[in-house]
Each structure stands twice: as structure tokens, then as C-alpha cells.
Amino acid sequence: MFRLGDDLAPFYALAAGDPLLRWTVCGAGRMLASPSVFEDVVKTICTTNCAWSGTVRMVSALVELGGGAFPDASTLSATPDSWYRDVARAGYRGPYLRAIARNVEDGALDLEALLPGRDLDDDAVAEVLLALPGIGPYAAAHVMQLLGRHGRLVLDSWTRPRYRRLTKKKRANDASMARAFKHYGAYAGLAFWLFLVKDWTESDDD
DNA sequence: CGTCCAGGTCTAC
DNA sequence: GGTAGACCTGGACGC
């Protein structure tokens with residue numbers, strides 16, 4: 001789930017020359033992913049356009065549905081719309097989640113094939129994700145970050161103002177943020193994220 | 001009690 | 001291709 005097999009050496013080689021990210025070379029940058037891509041896709045949709053309390057409510061309901069574990073696609077596919085609406089309180093997301101589950105269950109959609117090392121490049125993976133209902137630029141970048149595909153920046157209502165605050169910039173649009181990390185290439189998204197969360201990891205010996 | 005909006009996305013111009 | 005409006009929900013906030 002931490003993808004400890006992924007080699008972040010190319011990223012650290014770049015970060016070592018960056019005063020703002022040199023702190024990461026001790027081994028920072030491991031995301032905690034879910035056991036399946038399906039689970040990360042569903043959870044990520046549950047983070048969109050709602051407060052964190054809503055995400056907790058929806059995901060908690062899903063885990064309860066799964067009897068304490070995250071439910072598999074066949075379970076979600078077989079669960080009626082009324083459950084998504086009345087129990088999970090997922091609102092308009094319910095039909096999205098169920099549609100994805102149905103396509104995974106019947107084999108039309110193979111989300112696990114999006115894992116690294118399965119001969120799909122990042123652009124191809126992004127295309128698959130963006131075609132899913134409820135997955136837009138933010139959610140695709142977020143899922144890809146968890147997959148160890150770090151090229152895209154996760155841009156949302158938290159990261160955008162966070163970036164502006166840390167850089168003391170009044171205005172910074174999406175393109176300018178991407179430009180600022182472009183030299184990190186395939187690791188631009190990881191560099192962006194670690195830049196934003198540096199103060200989460202500060203310790204006494206820094 | 002009405003409005004706004006939170007770790008956005010979709011549809012219709 | 002770029003952009004308003006709508007969209008479930010439920011806290012926060014102003015009145």
C-alpha cells in the first residue's frame with residue numbers, strides 16, 4: 001500500500017538540488033494507497049465537492065456495508081440506489097459509484113490494470129480515469145498520485161490557496177503552478193504535494 | 001431561516 | 001476549447 005517497491009531515486013536526485021525539497025531525500029513521499037484501485041477511485045469520488053465530514057460519512061457507510069472491510073465491486077453493484085441515497089447520503093454520487101462498480105464487476109472496466117508496470121502510460125491511465133463518471137481533473141490526479149504516477153498536480157480548493165499562501169503569491173493559476181514544478185517532470189505532482197505539506201513532517205531535529 | 005460552499009464534475013451552450 | 005449553472009449533502013454563518 002506504500003508502494004515501497006517504487007524507486008523514488010530519480011525524484012530525490014532532483015530534490016537534492018532544491019532547497020525547498022531537500023528535506024524529502026531521507027525517504028519522504030510515500031503515499032498510503034488502498035489495497036485496490038477500485039477502492040481508491042470510490043473513496044476519491046467521496047472527497048469531491050463536499051466537506052471532509054461528508055467523506056467520512058460516505059466511506060464509513062461503505063465499510064459498514066462491507067461488514068468492516070471495504071466492499072468489493074459486486075457488492076456495490078448489487079446495492080440498491082436507495083442505500084446510496086438514504087444510508088450513505090452520497091447524493092448525486094450514488095449513481096456514479098454504482099455505475100463504476102457495475103462496469104468493474106462485469107469486466108468492462110479493469111481498474112487494477114491502471115497500476116504501474118502494467119504497460120499503460122500516464123496519459124492512457126488519465127484517459128481511463130477521466131472517462132469515469134464523477135472523476136475529473138482533480139480526482140484523476142489524486143488517484144494517479146496514489147498509484148505512484150506522480151506527473152500531475154492535485155489541484156483543489158485546499159492545494160490552490162495553500163500554494164499561494166506558502167509562496168506569498170496573490171494570484172497563481174493552475175498553469176503557473178504546473179509551470180513552477182515542470183522541471184520535476186514525471187514527479188511534478190509529488191514535488192508539488194511535498195512542498196505543500198512540509199510542515200506536517202517537521203520534527204525537532206528537522 | 002436563507003445563503004454559501006467544502007479536498008468538483010457534468011452538461012449545455 | 002472555454003465557461004456558466006446545476007447538482008446531493010450538511011455545517012457554518014449572517015440576519
Side-chain angles (χ1 to χ4, degrees), chain A residues 1 28-34 37-65 70-71 76 79-104 108-109 111 114 123 125-167 169 171-181 188-201:
Chain A
M1 291 164 76
R30 298 293 173 178
M31 305 295 155
L32 179 60
S34 297
V37 180
F38 172 70
E39 181 172 336
D40 276 331
V41 165
V42 170
K43 284 176 170 173
T44 296
I45 290 175
C46 292
T47 69
T48 58
N49 195 28
C50 67
W52 186 250
S53 59
T55 301
V56 172
R57 179 190 67 247
M58 290 182 262
V59 173
S60 297
L62 287 163
V63 170
E64 189 166 337
L65 179 70
F70 198 85
L76 290 191
T79 297
D81 292 338
S82 58
W83 181 88
Y84 291 90
R85 184 182 64 239
D86 302 332
V87 180
R89 315 290 301 165
Y92 65 86
R93 299 171 197 78
Y96 294 168
L97 300 178
R98 199 176 174 196
I100 291 171
R102 183 164 43 246
N103 285 333
V104 167
L109 175 64
L111 289 177
L114 306 185
D123 286 341
V125 168
E127 189 177 335
V128 171
L129 290 172
L130 290 170
L132 301 177
I135 298 281
Y138 150 77
H142 185 269
V143 169
M144 289 178 72
Q145 184 90 289
L146 295 175
L147 292 175
R149 298 178 179 274
H150 296 297
R152 287 164 174 73
L153 278 58
V154 176
L155 296 165
D156 59 31
S157 65
W158 184 78
T159 60
R160 289 185 179 104
R162 173 81 175 168
Y163 177 81
R164 292 184 199 114
R165 190 171 77 71
L166 291 176
T167 59
K169 291 180 191 297
R171 298 255 359 128
N173 59 27
D174 291 357
S176 71
M177 288 187 268
R179 204 179 314 125
F181 290 89
L190 182 60
F192 178 62
W193 180 252
L194 292 174
F195 173 72
L196 297 182
V197 302
K198 177 182 189 303
D199 73 354
W200 291 3
T201 62

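In the text below, chain A, chain B and the rest are named by the order of the sequence lines, each starting its count at 1. Note that the coordinates shown come from a computational prediction; the quantities given were computed from them, not determined experimentally.
Between A:Trp158 and A:Trp200, the two ring planes are tilted [angle within 30° to 60°].
Of the nucleotides present, none pairs with C:dC8 by Watson-Crick or G-U wobble criteria with both distances under 3.5 Å. With a cut-off of 3.5 Å on both pairing distances, B:dG7 has no Watson-Crick or G-U wobble partner at all.
Distance, A:Leu97 CG to B:dT9 P: 13 Å, rounded to whole Å. The CD1 atom of A:Ile100 sits 12 Å away from the C1' atom of B:dT9 (whole-angstrom rounding). When the P atom of B:dC10 is taken as reference, atom OH of A:Tyr138 falls 14 Å away, rounded to whole Å. In this entry the distance linking OH of A:Tyr92 with C1' of C:dG5 reads 14 Å, nearest Å. Rounded to an integer number of Å, the gap from CH2 of A:Trp158 to C1' of B:dG7 is 9 Å. We find that CG of A:Asp174 is positioned 14 Å from C1' of C:dG2, with the value rounded to whole Å. Between the CG atom of A:Asn173 and the C1' atom of C:dG2 there is a distance of 14 Å, rounded to whole Å. Whole-Å rounding puts the A:Trp83 CH2 to C:dC8 P distance at 18 Å.
Judged by distance alone, the side chain of A:Thr159 and the main-chain N or O of A:Asp156 form a donor-acceptor pair under 3.5 Å. Of the possible donor and acceptor atoms, none in the side chain of A:Arg164 sits under 3.5 Å from a partner among the backbone N and O of A:Lys169. Side-chain N or O atoms of A:Arg152 include none that pairs as donor or acceptor with a backbone N or O of A:Ala140 at under 3.5 Å.
With C1' as the reference atom, B:dG7 and C:dT3 are 22 Å apart, rounded to whole Å. Taking atom C1' on both nucleotides, C:dC8 is separated from B:dC4 by 15 Å, rounded to a whole Å. C:dA6 and B:dT3: their P atoms are spaced 14 Å apart (whole Å).
Between the side chains of A:Thr47 and A:Tyr138, at least one donor-acceptor pair of N or O atoms lies under 3.5 Å.
Among the protein residues, A:Leu130 comes within range of no part of the nucleic acid, since none of its heavy atoms lies under 4.0 Å from any strand. Counting any heavy atom pair closer than 4.0 Å across all strands shown, A:Gly54 reaches no nucleic acid atom. Looking at heavy-atom distances under 4.0 Å, A:Ala90 makes contact with a base.
When each of A:Ile135 and A:His142 is assigned the nucleotide of DNA chain B with its nearest heavy atom, A:His142 is the one assigned upstream, toward the 5' end.
For the atom pair OG (A:Ser34) and NZ (A:Lys43), the distance works out to 3.5 Å, reported to the nearest 0.5 Å.
Out of B:dT9, C:dT9, B:dA6, the shortest distance to the side chain of A:Arg57 is found at C:dT9. Proximity note for A:Asn49 (side chain, C-beta onward) versus C:dC7, B:dG7, C:dT9: the nearest is C:dC7.
Between A:Thr47 and B:dG8 there is no side-chain polar atom (N or O) within less than 4.0 angstrom of OP1 or OP2. When the side-chain nitrogen and oxygen atoms of A:Arg89 are compared with OP1 and OP2 of C:dG10, one or more of them lie within a distance under 4.0 Å.
A donor-acceptor contact under 3.5 Å is not formed by the side chain of A:Tyr96 with the base of B:dG8.
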